[in-house]
Amino acid sequence: DGGITQSPKYLFRKEGQNVTLSCEQNLNHDAMYWYRQDPGQGLRLIYYSQIVNDFQKGDIAEGYSVSREKKESFPLTVTSAQKNPTAFYLCASGTSGSTDTQYFGPGTRLTVL
Amino acid sequence: SQQGEEDPQALSIQEGENATMNCSYKTSINNLQWYRQNSGRGLVHLILIRSNEREKHSGRLRVTLDTSKKSSSLLITASRAADTASYFCASSDAGSYQLTFGKGTKLSVIP
């Protein structure tokens with residue numbers, strides 16, 4: 001899992017609550033990414049950031065928000081507007097302006113109760 | 001963006017056999033990458049092949065790329081039980097900084 005940490009490993013949320021997933025990297029990467037993975041499925045891009053204080057929507061951004069105040073950190077908030085948030089969330093980092101290797105964290109499994 | 005497709009969805013082989021997984025994609029690409037995911041874990045990068053390359057090797061891994069057919073294959077030779085995992089291809093579309101992941105092939109290597 002390289003130099004990327006995600007916390008918590010497991011997260012339970014009640015309907016109507018916002019929750020924030022943490023992602024930290026010490027690889028000195030400018031680019032960071034959030035993906036969602038559903039059972040038996042590939043990864044879908046939620047948000048990405050190529051540089052501090054800038055981020056872009058991915059394919060499934062609705063119901064999610066992010067911030068990028070520090071190079072090392074890219075937290076993801078799952079809001080109550082996300083209708084089906086139960087999934088496995090993966091954070092990754094890489095070189096900005098490049099589509100070469102991405103380095104992934106261990107993931108956070110979010111379950112809505 | 002459209003996801004690529006891996007084939008087969010699941011593959012079960014005996015230890016020592018070779019495993020071949022295929023990936024198709026839809027657009028012109030900068031590169032194509034293969035990742036491995038153990039159950040409940042993050043993805044680990046295995047190998048990257050650029051659009052101007054046709055074949056690449058890394059240890060027991062061999063990747064081919066056919067841009068005319070928009071397809072790639074991953075061959076794992078002399079498989080081991082520890083190779084049991086899901087394998088994903090990810091294509092980097094020309095002009096984009098995003099990776100598009102396929103749905104993966106679940107490989108089971110039986111000791």
Side-chain angles (χ1 to χ4, degrees), chain A residues 1-7 9-10 21 23-25 27 29-51 54-61 87-111, chain B residues 1-11 21 23-53 56 58 63 85-108:
Chain A
D1 298 326
I4 299 185
T5 58
Q6 291 185 241
S7 61
K9 187 176 176 68
Y10 298 97
L21 283 59
C23 177
E24 304 277 334
Q25 55 100 358
L27 299 171
H29 287 154
D30 285 309
M32 297 186 74
Y33 308 83
W34 273 106
Y35 294 91
R36 169 182 172 139
Q37 185 178 31
D38 292 284
Q41 300 295 311
L43 278 64
R44 291 184 290 169
L45 183 64
I46 305 173
Y47 267 98
Y48 64 102
S49 168
Q50 293 285 316
I51 197 168
D54 186 53
F55 49 82
Q56 306 295 328
K57 292 182 179 180
D59 299 321
I60 54 165
F88 190 50
Y89 290 87
L90 288 159
C91 179
S93 71
T95 303
S96 182
S98 164
T99 53
D100 284 0
T101 304
Q102 291 187 11
Y103 298 84
F104 283 81
T108 292
R109 187 166 300 280
L110 172 64
T111 302
Chain B
S1 58
Q2 297 292 315
Q3 286 189 329
E5 295 289 333
E6 280 102 337
D7 168 53
Q9 292 185 349
L11 179 61
M21 290 159 262
C23 168
S24 61
Y25 57 91
K26 299 183 187 302
T27 64
S28 296
I29 59 171
N30 291 320
N31 64 60
L32 189 135
Q33 303 174 36
W34 286 90
Y35 288 81
R36 166 194 168 127
Q37 183 181 36
N38 286 79
S39 182
R41 305 293 298 275
L43 275 68
V44 175
H45 182 262
L46 294 176
I47 196 166
L48 179 154
I49 187 165
R50 301 197 184 279
S51 59
N52 61 353
E53 297 176 311
K56 203 162 183 179
S58 177
V63 169
S86 291
Y87 293 82
F88 294 89
C89 68
S91 58
S92 159
D93 298 344
S96 168
Y97 295 136
Q98 299 181 32
L99 290 180
T100 301
F101 285 83
K103 295 183 179 180
T105 292
K106 189 169 185 178
L107 173 66
S108 298

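Every chain is numbered from 1 and lettered A, B, ... according to where its sequence line falls, protein lines coming before strand lines. These numbers were taken from a predicted model, which means no experiment stands behind them. Note: hydrogens, waters and symmetry copies are ignored here, and every other heavy atom, side chains too, is used.
- Within a 6.0 Å sphere centred on CD of B:E53, heavy atoms belonging to other residues, nucleotides or ligands number more than 12.
- Here the shortest heavy-atom pairing between A:Y35 and B:L99 reads OH-CB, 4.2 Å.
- Ion pair B:R50/A:D100 flagged as a salt bridge, since at least one NZ, NE, NH1 or NH2 atom sits closer than 4.0 Å to an Asp/Glu carboxylate oxygen.
- A:Q102 touches chain B through backbone and side chain together, each having a heavy atom under 4.5 Å away.
- For the pair B:R41 and A:L90, the tightest heavy-atom approach, listed with the atom from each and the gap, is O-CD2, 4.3 Å.
- The two residues A:T101 and B:L48 have their closest heavy-atom pair at N-CD1, 4.2 Å.
- For the residue pair A:Q37 and B:Q37, a side-chain donor N or O sits within less than 3.5 Å of a side-chain acceptor on the partner.
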